[in-house]
Amino acid sequence: MKKIRECYPFVVLFLFVLSNFVFRHIVVTGSLYRISMLLVIFINFILVIKFKKSIKRKSPFIIIYFLMCIFCKNALNLYFSLSNILAYIIAGFMECHFVKALTIIIISIATLFFLPLTFIFLLLYSGLDGTKSMHDVYSDTHYICENDYEIYSFSMGAMDGFHYSVGKYHEFLRIDDILEISYRKRNETTQEIYEEFLENNDCMLAEEIHR
């Protein structure tokens, strides 16, 4: 049991990094995924607090999860990262002066840059399981094509111009709005290539396919 408590933080961190780097193009959405992730966030938070005496160094985990906030592929992953930062701060605050210093630094950054960080969050994510690569897509230009291709135009808003992607898409599983697992990889290109691809390939609007 002691070994499990000692290894638990490393296993969780490894799986988290794996999900957001190695499997960053695997997209999971749906109500079942959202409920599962919220449960994982809650249970992991409790376990970190419960295993705090077995976790020898908490500050490296705080730093790594803080840096990982930049690379989270959806909002739920970001919440998981933030919940770990909070859990390790609570677990180590009374034990280590370095954890106290990190806490002050993180609170200072969050306070000073609250509005810019909120704005960036709203730009990058849409909904709990919204991915960075799909929330900015214009639905009337979003097509699923033959040979596992997906094309669309996208923009971050009024201050950003139009961009175009001819990327890969493969759906592994879809159960209504309950669960969807797919592979999506954006490949930014020009408007000319987008229009030429749409004209020369068998494509259907994504909205029509997923009705």
Side-chain angles (χ1 to χ4, degrees), residues 15-34 36-38 65-82 113-211:
L15 292 175
F16 185 67
V17 171
L18 200 68
S19 172
N20 286 279
F21 283 98
V22 179
F23 299 116
R24 65 186 180 278
H25 298 303
I26 300 296
V27 178
V28 185
T29 60
S31 56
L32 180 60
Y33 171 69
R34 290 190 289 272
S36 298
M37 276 299 296
L38 290 172
Y65 279 112
F66 182 75
L67 295 175
M68 280 298 299
C69 289
I70 302 169
F71 304 102
C72 292
K73 63 182 182 181
N74 63 30
L76 281 168
N77 276 256
L78 177 61
Y79 296 151
F80 182 81
S81 193
L82 292 173
F113 300 102
F114 177 77
L115 288 177
L117 288 173
T118 302
F119 180 70
I120 291 169
F121 173 81
L122 293 174
L123 276 178
L124 290 178
Y125 302 105
S126 175
L128 286 177
D129 53 6
T131 63
K132 289 181 180 179
S133 62
M134 292 305 296
H135 81 282
D136 53 358
V137 171
Y138 288 92
S139 59
D140 58 341
T141 69
H142 184 191
Y143 291 86
I144 304 297
C145 306
E146 57 188 339
N147 299 320
D148 294 333
Y149 276 94
E150 178 181 47
I151 66 172
Y152 49 79
S153 66
F154 61 97
S155 173
M156 294 297 287
M159 302 195 60
D160 186 30
F162 281 95
H163 306 274
Y164 296 85
S165 173
V166 177
K168 299 295 288 184
Y169 169 81
H170 182 75
E171 187 178 283
F172 298 108
L173 176 67
R174 173 180 284 272
I175 308 173
D176 298 325
D177 294 325
I178 299 172
L179 182 65
E180 179 190 346
I181 303 174
S182 59
Y183 174 89
R184 276 194 160 106
K185 186 175 182 181
R186 174 173 288 180
N187 180 33
E188 189 169 347
T189 185
T190 64
Q191 182 179 358
E192 290 76 17
I193 292 176
Y194 166 86
E195 291 175 348
E196 182 181 345
F197 192 94
L198 179 60
E199 183 179 347
N200 296 324
N201 291 271
D202 184 17
C203 300
M204 285 186 65
L205 275 170
E207 283 187 342
E208 294 182 1
I209 294 173
H210 295 152
R211 279 178 184 172

- Message: For the backbone of Leu76 and the side chain of Asn74, can you confirm whether one donor and one acceptor N or O come within less than 3.5 Å of each other?
- Response: yes

- Count the heavy atoms belonging to other residues, nucleotides or ligands that lie under 6.0 Å from CZ of Phe21, then report whether that count exceeds 12. yes

- Message: Working to the nearest 0.5 angstrom, can you tell me the gap between Arg174 CZ and Ile209 CD1?
- Response: 9.5 Å

- Message: Side chains of Leu18 and Phe23, heavy atoms from C-beta outward: is any pair under 4.5 Å?
- Response: yes

- Query: Between the side chain of Ser36 and the main-chain N/O of Leu32, is any donor-acceptor distance below 3.5 Å?
  - Reply: yes

- Is there a donor-acceptor contact under 3.5 Å from the side chain of Asn200 to the main chain of Glu196? yes

- So how far is it from Leu179 CG to Thr29 OG1, rounded to the nearest 0.5 Å? 7.5 Å

- Tell me, which pairs form a salt bridge (charged side-chain N to carboxylate O under 4.0 Å, His left out) where one or both residues lie in residues 139-152, sequence neighbours left out? Glu150-Arg184

- Query: In Å and rounded to the nearest 0.5 Å, what is the CZ to CZ distance from Phe71 to Arg24?
  - Reply: 11.0 Å

- Task: Given side-chain contact (heavy atoms from CB on, under 4.5 Å), test Cys203 with Ile144 step by step and report yes or no.
- Result: CA-CA 6 Å; Cys203 300; Ile144 304 297; over 6 Å; no

- Where is the tightest heavy-atom contact between Leu205 and Tyr143, given as atom of each residue plus distance? N-CD2, 3.5 Å

- Item | Over all atoms of both residues, closest heavy-atom pair of Ser81 and Cys72 | CB-SG, 4.1 Å

- Please confirm whether His170 and Phe172 have ring centers closer than 6.0 angstrom. yes

- Using the ring pair (Phe, Tyr, Trp, His ring centres under 6.0 Å) rule, take Tyr65 and Phe16 through it: C-alpha gap first, then chi angles, then the decisive distance, then the call. CA-CA 9 Å; Tyr65 279 112; Phe16 185 67; 5.7 Å; yes

- Message: On the six-membered ring of Tyr152, is Arg186 placed so that its NZ or CZ lies under 6.0 angstrom from the centre and within 45° of the ring axis?
- Response: no

- Scanning both residues in full, the closest heavy-atom pair of Ser153 with Tyr194 reads N-CE1, 4.4 Å

- So, Tyr169 versus Tyr183, ring centres under 6.0 angstrom or not? no

- Message: Would you say that Leu78 contacts Phe121 through its side chain, given a criterion of any heavy-atom pair below 4.5 Å between the two side chains?
- Response: yes

- Message: Using side-chain contact (heavy atoms from CB on, under 4.5 Å), reason through Glu180 and Glu171 one step at a time and then give a plain yes or no.
- Response: CA-CA 8 Å; Glu180 179 190 346; Glu171 187 178 283; 4.0 Å; yes

- Kindly write out the residues that satisfy side chain to side chain contact (heavy atoms under 4.5 Å, CB included) with Gln191, not counting sequence neighbours, or none if the list is empty. Tyr164, Glu195

- Task: Please test Thr189 against Ser165 for side-chain contact (heavy atoms from CB on, under 4.5 Å), starting from the C-alpha separation and ending with a verdict.
- Result: CA-CA 5 Å; Thr189 185; Ser165 173; 5.7 Å; no

- To the nearest 0.5 Å, what is the distance between CD1 (Ile151) and CD1 (Ile193)? 12.0 Å

- Item | Main-chain N/O of Ile26 paired with Lys73 side-chain donor or acceptor, under 3.5 Å | yes

- Message: How long is the straight-line distance from CG of Asn20 back to CE of Met68, given to the nearest 0.5 Å?
- Response: 4.5 Å

- Message: Run Tyr138 and Phe154 through ring pair (Phe, Tyr, Trp, His ring centres under 6.0 Å) and show every step you take.
- Response: CA-CA 6 Å; Tyr138 288 92; Phe154 61 97; 9.0 Å; no

- Message: As an exercise, state the distance from CG of Leu38 to CZ of Phe80, rounded to the nearest 0.5 Å.
- Response: 12.0 Å

